[in-house]
Amino acid sequence: MFHLIDIKDLSVEEIKGLLDTAEDIIANPDKYAEVCKRKKLATLFFEPSTRTRLSFEAAMLELGGSVLGFSEASSSSATKGETVGDTVQVVGCYADIIAMRHPKEGAPMAAALKSPVPIINAGDGGHNHPTQTLTDLLTIRREKGRLDNLTIGLCGDLKFGRTVHSLIMAMSRYENVKFILISPEELKIPDYIRRGVLDKNGIEYVEIDRMEPVMDQLDVLYMTRVQRERFFNEADYQRLKDVYILTRQMLNRAKDDTIVMHPLPRVNEIPVDVDDDPRAKYFTQALNGKYVRMALIMKMLGVKA
Ligand code: NCD
């Protein structure tokens, strides 16, 4: 059975197929309105979410299917000590596919070992977030017209930011992609990404702690929130939370065709007056998330338009 735990579970060709389907859904939504009739998606969210859970649910509803689930661990049997393996064996009796978010790294993988239905990792701790990456790839391809020959700046919490880890893994498979990794010393990318993905594949990258010097080099600027919930102490969070703020003045240093992305939620890292800049694409990105999740659900359920 195919589970999506890590973005590498999908080949480059499969990703292209999903993005092509998402584009077709955008162009011809009526064609897809009933393809998942009588199918059910369960969203098991042991950690807070707005976009990911609601875009999964909207995706299934727009495919003609139904949704069930829970949006906080406290309302599930996890509070009674149930394991994720047991939870999915039960939910698999009621639903055809499961999207799971969990604060523990590896929980969706553990669930997949026991699940009778396909599992989608909707974010596991500070580890991975493959469906956000599909959202990001669709956004980059639609806005820039390509996924190769790009200089991508990733800025903020590169240590705990799971969307960053999955995006680097995915983008490393395209030709001539260069990364500029902007973070304070304490929030640099983990070694398994630096060594295991970038160095191993001979990908060009630089690590820097300031935005100004690199702003004019970027095709994509991917801002992230400092992940408060993954910090060990509040003092460190307070010290690091506002290190990077993309003001209008800062954005003026960027090229006219640079796109600004953010998985959202944002805190202070992008002031709201940047939203009107035509280069700001984070709300478009959130919309794209629904279409690409529609394509993914169809693929994983084996349904066609
Ligand atoms: C991200 C996440 O949950 O990792 N949000 C999302 O899914 N769009 C980013 C974040 O929480 O900062």
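Read the numbers this way: they start at 1 and go in the same order the structure lists the ligands and their atoms. Note that the structure is predicted; figures quoted are calculated from it, not measured. Residue numbers start at 1 and run along the sequence shown. No hydrogens, no waters, no symmetry mates; every other heavy atom, side chains included, goes into these values.
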For T163, the atoms of ligand 1 under 4.0 Å from one of its heavy atoms are 1 (C), 4 (O)
Nearest non-hydrogen protein atom to atom 8 (N) of ligand 1, with distance, is P263 O, 2.9 Å
Could you label the plane-to-plane angle of the H102 and F46 rings as parallel, tilted or perpendicular, counting under 30° as parallel and over 60° as perpendicular?
-> tilted
In terms of the angle between their ring planes, are Y192 and H127 parallel, tilted or perpendicular, with boundaries placed at 30° and 60°?
-> tilted
Cation-aromatic face contact R101/F45, 6.0 Å, 45 degrees | no
Distance to 0.1 Å, residue and atom name: give those for the protein heavy atom nearest to atom 6 (C) of ligand 1.
-> L264 O, 3.5 Å
Go through the steps to decide whether N149 and N176 satisfy the test side-chain hydrogen bond (donor to acceptor under 3.5 Å, both in side chains), and finish with yes or no.
-> CA-CA 5 Å; N149 297 305; N176 194 25; 2.7 Å; yes
Between Q227, H127, R53, H165, which one has a non-hydrogen atom sitting closest to atom 12 (O) of ligand 1?
-> Q227
Does E47 have a heavy atom less than 4.0 Å from any atom of ligand 1?
-> no
Which ligand 1 atoms does T52 reach within 4.0 Å, using its non-hydrogen atoms?
-> 6 (C), 7 (O)
At the 4.0 Å heavy-atom cut-off, does P265 count as touching ligand 1?
-> yes
Specify the protein heavy atom at minimum distance from atom 4 (O) of ligand 1: its residue, its atom name, and the distance to 0.1 Å.
-> R162 NE, 2.7 Å
Contact summary for D6 and M169, nearest pair of heavy atoms = OD1-SD, 3.8 Å
Tell me: protein heavy atom nearest atom 11 (O) of ligand 1, and distance?
-> R225 NH2, 2.8 Å
Is it true that D219 and K255 have a side-chain N and a carboxylate O under 4.0 angstrom from each other?
-> yes
Show your working on side chain to side chain contact (heavy atoms under 4.5 Å, CB included) between N121 and M100 and close with a plain yes or no.
-> CA-CA 5 Å; N121 177 5; M100 175 186 284; over 6 Å; no
What part of T224, side chain, backbone, both or neither, has a heavy atom within less than 4.0 angstrom of ligand 1?
-> neither
